[in-house]
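To keep things clear, I will list the structure first and then write my remarks on it.
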Amino acid sequence: LVAAVIYGAIRAVDASLRWAVADPTGAVQQSADGPVIFAIWHNRLSLSLRIYQRFFIPARPGRRLAAMVSASRDGGLLARILELFEVQPVRGSSSRRGHQALLEMVTWAEQGFDLAITPDGPRGPRYEVQDGVIAVAQLTGMPIIPVGYSLGWKWQLPSWDRFQIPLPFSACSMTIGEPIRVPRSASAEERQ
């Protein structure tokens with residue numbers, strides 16, 4: 001029930017937002033060529049699924065998404081919300097089930113799914129990229145597309161990531177970064 005309420009609230013708030021999109025390198029169109037890895041900061045997850053549906057699915061209709069979700073109890077709620085958005089949840093993180101989740105993400109990639117990872121989650125530090133997204137990109141050969149946005153009106157929770165909840169009728173400025181490729185033979189220094 002909670003997941004259904006959150007799902008409905010996300011869709012309702014999204015319908016009221018005023019979007020401005022910057023995609024200077026044409027990453028959305030490049031994503032039509034094949035599966036990609038979407039990277040969005042943990043505190044910006046509230047609109048991430050609508051961004052995918054609104055901007056990326058039209059570029060390549062029929063595309064599907066698998067997203068990494070924490071193996072914690074809170075992650076169970078998020079996994080149910082993902083399912084309502086028709087996204088395949090993969091349970092695991094850097095702190096729990098990490099290796100298994102990494103293998104599952106690679107399996108979904110082999111089936112043609114796009115992948116979604118919060119590079120600084122599940123426990124931060126905020127805005128510091130952890131190894132997971134780099135490892136998945138190196139194993140799959142898929143490009144990472146960084147996505148970010150800023151909100152005019154929002155609530156920020158007192159959590160480690162200062163999670164952002166958009167308020168209705170806010171302006172939302174989204175930026176889609178240049179795709180990043182990690183060579184399969186990348187050294188530890190190159191990964192860094």
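Along the sequence shown, residues carry numbers from 1. Everything numeric here is computed off the predicted structure, so don't read it as measured data.
The one candidate from Leu49, Leu17, Asp14 that meets the side-chain contact (heavy atoms from CB on, under 4.5 Å) condition with Arg54 is Asp14.
The line from CG of Leu167 to CG of Leu151 is 8.0 Å long, rounded to the nearest 0.5 Å. Annotation: the span from Thr118 atom OG1 to Arg126 atom CZ amounts to 14.5 Å, rounded to 0.5 Å. Separation of atoms CD (Gln156) and NZ (Lys154) is listed at 5.0 Å; rounding is to 0.5 Å. One distance of note links CD of Gln164 with CG of Leu47; it measures 9.5 Å at 0.5 Å rounding. Within the model, atoms CZ of Arg63 and CD1 of Ile57 stand 7.5 Å from one another, a figure rounded to the nearest 0.5 Å. Taking SG from Cys172 and CH2 from Trp153, the interatomic distance works out to 13.0 Å, rounded to the nearest 0.5 Å.
Between Ser46 and Ile10, the closest side-chain pair of non-hydrogen atoms is not below 4.5 Å. The closest side-chain heavy-atom distance from Ile6 to Arg80 is not below 4.5 Å. Annotation: side chain of Met174 is in contact with side chain of Val147 (closest heavy-atom distance under 4.5 Å).
Residues Val69 and Pro89 come closest through the heavy atom pair CG2-CB, 4.2 Å. The minimum heavy-atom distance between Pro125 and Gln130, with the atom names listed, is CD-NE2, 3.7 Å. Pro143 approaches Pro35 most closely through the heavy-atom pair CD-O, 3.8 Å. Nearest approach of Ala109 to Leu115, heavy atoms of both residues: CB-CD1, 3.9 Å. Contact detail for Met68 and Ala101: the closest heavy-atom pair is CE-CB, 4.0 Å. Heavy-atom minimum distance, Pro168 versus Ser16: CA-OG, 3.4 Å.
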Please test Phe38 against Leu65 for side-chain contact (heavy atoms from CB on, under 4.5 Å), starting from the C-alpha separation and ending with a verdict. CA-CA 9 Å; Phe38 295 95; Leu65 181 66; 4.1 Å; yes
Derivation of the side-chain contact (heavy atoms from CB on, under 4.5 Å) call for Glu83 and Val87: CA-CA 5 Å; Glu83 290 169 348; Val87 173; over 6 Å; no
Could you please spell out the steps behind the side-chain contact (heavy atoms from CB on, under 4.5 Å) verdict for Ile51 and Phe56? CA-CA 7 Å; Ile51 288 170; Phe56 287 90; 4.1 Å; yes
Run Ile144 and Val36 through side-chain contact (heavy atoms from CB on, under 4.5 Å) and show every step you take. CA-CA 6 Å; Ile144 301 167; Val36 296; over 6 Å; no
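In the hydrophobic clustering of this structure, Trp160 does not group with Leu77; members are Ile, Leu, Val, Met, Phe, Trp, Tyr whose side-chain heavy atoms approach within less than 4.5 Å, directly or through other members. Hydrophobic cluster membership is shared by Val2 and Leu78, with clusters built from Ile, Leu, Val, Met, Phe, Trp and Tyr side chains linked at under 4.5 angstrom.
Taking the centre of each ring, Phe163 and Trp155 stay at or above the 6.0 Å mark.
Residues passing the side chain to side chain contact (heavy atoms under 4.5 Å, CB included) test with Arg11, sequence neighbours excluded: Tyr7, Arg50, Gln53, Phe85.
Evaluation of the ring pair (Phe, Tyr, Trp, His ring centres under 6.0 Å) test over residues 125-147, restricted to residues two or more places apart or in two chains, returns Trp41-Tyr127.
In summary, Arg60 and Asp114 engage in a salt bridge, as defined by a charged side-chain N under 4.0 Å from a carboxylate O.
Between the side chains of Arg44 and Ser150, no donor-acceptor pair of N or O atoms lies under 3.5 Å. Side chain to side chain, His42 and Asp120 fail the donor-acceptor criterion of an N or O pair below 3.5 Å. A donor and an acceptor atom, one from each side chain of Arg64 and Gln88, are nowhere located under 3.5 Å apart.
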Would you be so kind as to tabulate the donor-acceptor pairs closer than 3.5 Å made by side chains of residues 175-185, with sequence neighbours excluded?
{"unit_1": "Arg181", "atom_1": "NH1", "unit_2": "Gly141", "atom_2": "O", "d": "3.4"}
{"unit_1": "Arg184", "atom_1": "NH1", "unit_2": "Leu139", "atom_2": "O", "d": "2.7"}
{"unit_1": "Arg184", "atom_1": "NH2", "unit_2": "Thr140", "atom_2": "O", "d": "3.1"}

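The local environment of CD in Gln192 is sparse, with at most 12 non-hydrogen atoms from other residues, nucleotides or ligands closer than 6.0 Å.
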